[in-house]
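Predicted, not measured: the structure shown is a model, and the values here were computed from it. Here is the naming used below: chain letters follow the sequence lines, and residue numbers restart at 1 for every chain.
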Amino acid sequence: MRNRKIHVCLSLLFLVMVFTAAGSSPLATQTARIGHYRLLLSFYSLPRTGQQLNMTIQSATSGVSLRFSQAVLNPAAGTDATPVGVALSSDSDTPGAYDVDVTPPVRGAWLLHLTVSGPAGSFAGDIPMNVLSPPVMPTWLGWLIGLSPASLLLTFILMQVRWRNARRDQVRQELLQQVSKPVEPV
Amino acid sequence: MAHGMAQGKEKAASYKLASMRPDLTERRIRQTSGWIMLCLMLLAELGLAWDRRWHDIVGRDHFWIPPHIMMYTGIGGAGLITLGIVLVDTRRYYQKKAGVDDSSTISVLGFFHAPLGFILLGCGMLIDAIAAPFDNYWHELYGIDVTFWSPFHLMGHLGATIGGIGIIYAFAAQAAHERQVEHPSPRLLGLNGPEWAVVILLTAFMEIILPALTAFIPVVLGPVQLLSYPLILVITASLFLVSAYLCMRRRGIALLTVLILWPLSTATELFTPFALSFMATRLGLTYRLGREPIVDVTLALLPVFYLVCALMVEATVAWQRRSGKAGNGELRGAWLLGIFMAIPAVVIPPGIVQALRLWAPGIPLTPDVIQVLQPTWLNMLITLPIAMLVGAIMAYLGTVFGDIWHWNTQ
């Protein structure tokens, strides 16, 4: 019984370590250059449409401290979207790193435009980024689902046409009977 | 004088008796919920007009944009009320309450009992609720300029159509019931409350397509173009003006519909640029392609088309009544009206654009109006027979729906 409790505690500890480890190390990293500065982008979640991007940006050169500002996520050529505002804030865990807060709305190629300030001056530039999407539904399936209420509407209209024609005949019959009824003498 | 006073007293007594009818509770439940839903549907309609401009001028940056919130508040609210009515009426049906029986409800899935209109409205709102996340997904895949002609926008429009027809059924059944009872409710200008609601709803149906008219772009067929804007105009005019008359069977209804439509349309056209610039400033958004929101005068003048069509309906009704061709308030040969309505549908919108260019060149025209509403004579001639065919079919359907809305009490 005691051994079982120890096993459960160890398993829980293992799970806590696994989940914590997953939160502290990035899923992917990317280096980029803006002006004279080499930058390191750490993705804690991959860029996906409709999901808040969990990523940090910092200098890739040790000992060089950089400031980031005026960030905007611009759609690259071929991506049908409007620019999205990006919020930058200092990362509480890593000194010199900035949290990038943005939710890309459309899949495809984007450019993270930002200004980097450091010892060599200020430079503005773009960092390319590919935003992933959920699995793509085939177009024919989209149209099939999208137009499915049309069948409901058409069936309803057909039923209503039949009901109305039957009712109209009945009304006309009743009218004819009323007209042909002999007038009773007063 | 004495006769008038006697009539007034008689009316007052009748209205007093109307307030003592055994089915009064049921009628109040249906009419109160119906009017709330009508307001919610109008809210959703205004949201839709705003959304269309938002897509064009700001861009659909995410799902929770203000026009979407406005639109889905209307849709969601109407859906929830419908659900409540279906549950309440099912309970009242099994309790055998006055006014809730097989003559005033239909059975769904062998258990639920509710008026047909509310069931249809519920189905429509459910379709819209299903279409919303799919539409968001489609935008995530294919971008923000996926406008009217995408599968899930059409699904949403079909849902709204079913829901709109549903609420007309709900009020028309109330109106038919009011016409049949011994002591009817008070009337205003000859129409009872539910009849006024039907007129407003038919107006809203005709108005809803005006802000979206320029989404009906021409279909290129080799060297010529098939214009699609006359088709949607003739569909709404022939279907709803004919059905409006046949539902109420009163002269002047078609004109009354247009008289309500015009201020509604103008209010929509004034509201959208104001709301757009107000929210864009508040949210710090920029306009795409440097386009500022403006009042679209062309769209605000489009009710001229409906006015011409309403005059056609009124003239035909007057002529048929005078010559005794149509008994019992019927409208003979309505399909012919649909054919004739196709002519103004093709000609009037470009006519308005030309008139504005000639006589009021200072009024700015939006690029979509210039692109869609300035067709060539050849394209107009090619489109005309198709618009006539569509008009004839829709006018026939207008007689079907008009008759049903006149008779049906379920």
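A 4.5 Å side-chain heavy-atom check between A/P105 and B/H139 finds every atom pair outside the cut-off. In this structure, the side chains of B/Y169 and A/Q160 come closer than 4.5 Å at one or more pairs of heavy atoms. Between B/D403 and A/V171 the shortest side-chain heavy-atom distance does not fall below 4.5 Å. Side-chain atoms of A/T49 and B/Y137, non-hydrogen and from C-beta on, never get closer than 4.5 Å to each other. Contact of the B/W138 side chain with the A/M137 side chain is registered, since non-hydrogen atoms from C-beta on lie closer than 4.5 Å.
Contact annotation for A/T139: both backbone and side-chain heavy atoms come within less than 4.5 Å of a heavy atom of chain B. Within the 4.5 angstrom heavy-atom criterion, no atom of B/I130 approaches chain A. Contact annotation for A/L144: neither backbone nor side-chain heavy atoms come within less than 4.5 Å of a heavy atom of chain B. Proximity to chain B (any heavy atom under 4.5 Å) is shown, for A/T82, by both the backbone and the side chain. Residue B/L283: no heavy atom, backbone or side chain, is found under 4.5 Å from chain A. Contacts of A/R172 with chain B are made by side-chain atoms alone, with heavy-atom separations under 4.5 Å and no backbone atom involved. Neither the backbone nor the side chain of A/V84 comes within less than 4.5 Å of any heavy atom in chain B.
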* Take B/F401 and A/R164 through the test side chain to side chain contact (heavy atoms under 4.5 Å, CB included) and record every step on the way to the result. => CA-CA 8 Å; B/F401 279 115; A/R164 176 262 195 170; over 6 Å; no

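From A/T79, atom OG1 reaches atom OH of B/Y142 across 14.0 Å, with rounding to the nearest 0.5 Å. The CD1 atom of B/I162 lies 4.5 Å from the CG atom of A/L152; values are rounded to the nearest 0.5 Å.
Without hydrogens or angle criteria, A/R107 side chain to B/L141 main chain gives a donor-acceptor distance under 3.5 Å.
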